[in-house]
Amino acid sequence: MRLSRYFMPILKENPKEAEIVSHRLMLRTGMIRQQSQGIYSWLPLGKRVLDKVNAIIREEQNRAGAIELSMPTLQSAELWQESGRYEDYGKEMLRIRDRQDRPMLYGPTNEEMITDIFRSSVKSYKSLPLNLYHIQLKFRDEIRPRFGTMRSREFLMKDAYSFDLTQADAIHSYNKMFVAYLRTFDRLGLRAIPMRADTGPIGGNHSHEFIILADTGESEVYCHKSFVDFDIPAADTDFDSVDGLQSIFDKWTSVYAATSEMHDEAAFDAIGENERLSARGIEVGHIFYFGTKYSEPMGAKVQGPDGKEHLVHMGSYGIGPTRLVPAIIEASHDENGIIWPASVAPFDAVVINMKPGDEGCDSTCDRLYVALQNAGKDVLYDDTDDRAGTKFATADLIGVPTQVIAGPRAAAAGEVELKDRKTGARETLTIEAAINKLTA
Ligand code: ATP
Ligand code: MG
């Protein structure tokens, strides 16, 4: 992408309305634009990052055996009347009437709709286990939308829903998502800690919020420090192994971790003072086993091996991609701007032409730009007439992992300078060697 032809409306000043660094940086870099309170457009740079986050979420959901579909944002109120949640949901639900005066709503979540899809076509235990997910916009009329897309009214959610014949099978489905979440957040460059969450009337130990530690987080959290060293399950984890997944779950839930709602002061105090952590955190995911809470009122049943009808056991599993993007920035930035983990960087490299019009600079940059693109890399080419200082500041601000700097003197010698955004380390390489390094 040539910067001169791109749409990246960078702000010179720090936006005053933004209270936390991720919100500031997302506005400054032109990743997002607020359209009305808590409702955002994702501009091209932001959209690139969001797409990469979604791609990783999708890969890990698929690896764990979940199947993607797409459900609408607008739902009929009828389904929600069946489950009893139409009245219960309160003011967070945006209620709408269509031209026939039928009550509709902008979905805040999809348990009812997926249960309806399930009951309309699945009749036998032989079709189970089943886990269906989508990545779709939700709307919740939050009392306090704030911090940009961290807590917005319209936001993206990956929501998955599992269906099983028995509670034991449902726990295995739960563990699959538990492991998928550990892998997902790790690939996004984050250390997310699963913390026990309230299960309400369902009871049991099968609701976890995945929390990233950050000073600007909205949740108060308490945990054992050893989480930092726990191993992330490998890509070749056998998701069909009931015992294998259970042992991963057991390991990751073997030490104390809770948000303030579930906090047990005595248990926390029992941990040595140097071993424990009380901090603030951002909830980026939430998984929940809820048994027959929806299958019962909505009549979602399958025929079991015994020939009888059984209510299915369900769970739901959410991740917030539009919250994850600012969460990644909260975890990875410095005074000059964002430092993207390579896995979600909007571009792999930015080629900076220090002197457009200089034959050496132009031909060097053209060569790099073509070679890197041909190797499948996402490259931003700063071919603008901005001052060198502006170009460096922009490259640092938008946080692309590698900067390739082509100045007239080096270019004449067939060389470029590589700068690592994270460490600041610089090295001079021949053009050939730079291409090899960046495409290795
Ligand atoms: P919170 O306690 O932060 O309001 P929640 O418990 O209401 O979250 P869930 O219903 O479990 O959230 O939704 C699953 C995921 O969707 C959350 O873990 C979060 O990543 C994301 N999410 C929820 N609400 C918002 C929001 N208003 N803006 C952005 N992302 C959100
Ligand atoms: Mg909420």
Side-chain angles (χ1 to χ4, degrees), residues 20 22-23 26 31-32 34-40 42 46 50 53-54 56-57 61 73 85 88-94 106-114 133-162 174 177-178 180-182 184-185 188 190 192-200 202 206-214 216-221 258-262 280-290 293-294 314-331:
I20 62 171
S22 57
H23 189 195
M26 288 177 78
M31 289 178 65
I32 53 168
Q34 182 171 327
Q35 300 301 148
S36 56
Q37 198 197 25
I39 301 181
Y40 289 83
W42 285 74
L50 188 56
V53 167
N54 286 337
I56 289 174
I57 293 172
Q61 289 293 295
T73 51
R85 281 210 293 182
D88 292 352
Y89 218 92
K91 290 199 161 176
E92 263 196 23
M93 181 186 277
L94 180 64
Y106 192 138
T109 178
N110 284 63
E111 279 83 3
E112 284 77 358
M113 190 173 277
I114 200 79
Y133 77 97
H134 68 164
I135 301 178
Q136 178 62 290
L137 290 168
K138 306 284 181 284
F139 194 94
R140 294 181 185 175
D141 206 348
E142 302 271 356
I143 304 181
R144 275 190 82 193
R146 58 179 186 158
F147 302 156
T149 65
M150 189 77 88
R151 178 173 299 283
S152 50
R153 297 199 296 167
E154 189 187 56
F155 60 95
L156 210 51
M157 198 198 290
K158 182 290 296 178
D159 38 328
Y161 304 89
S162 65
Y174 184 91
M177 288 292 109
F178 188 93
Y181 277 38
L182 292 176
T184 301
F185 298 125
L188 297 172
L190 297 167
I193 302 174
M195 303 205 175
R196 261 190 92 159
D198 195 5
T199 48
I202 310 291
H206 287 94
S207 176
H208 286 88
E209 291 176 348
F210 286 75
I211 306 259
I212 285 156
L213 302 182
T216 49
E218 292 183 286
S219 318
E220 249 179 273
V221 300
T259 59
S260 52
E261 293 121 55
M262 295 294 288
R280 302 198 69 80
I282 301 168
E283 181 200 318
V284 289
H286 189 175
I287 61 177
F288 202 156
Y289 161 71
F290 45 70
K293 181 173 173 190
Y294 298 95
M314 293 174 59
S316 73
Y317 314 91
I319 293 185
T322 48
R323 177 178 289 180
L324 270 167
V325 174
I328 294 167
I329 298 174
E330 290 293 324

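If you read the sequence from its start, that first residue is 1, and numbering goes on from there. We count ligands from 1, going down the list as the structure has it; atoms in each ligand are counted the same way.
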With sequence neighbours excluded, residues passing side-chain contact (heavy atoms from CB on, under 4.5 Å) with A197: S207, E209, H286

Residues in side-chain contact (heavy atoms from CB on, under 4.5 Å) contact with E220, at least two apart in sequence or another chain: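 Applying side-chain contact (heavy atoms from CB on, under 4.5 Å) to E220 gives Y222, S260, R280.
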
Ring geometry between Y174 and H208 (parallel below 30°, tilted from 30 to 60°, perpendicular above 60°):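 Geometry flag for Y174 against H208: tilted rings.
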
Shortest non-hydrogen contact between P326 and M26, atoms and distance: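 Taking P326 first and M26 second, the nearest heavy atoms are CB-SD, 3.8 Å.
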
Heavy-atom pair of closest approach, residues G285 and Y181: CA-CE2, 4.3 Å

With sequence neighbours excluded, residues passing salt bridge (Lys or Arg N to Asp or Glu O under 4.0 Å) with K138: D159

Contact residues of ligand 1, where a non-hydrogen atom lies under 4.0 Å away: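 Answer by chain and number: R140, E142, T149, M150, R151, S152, F155, M157, E283, V284, G285, H286, G320, R323.
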
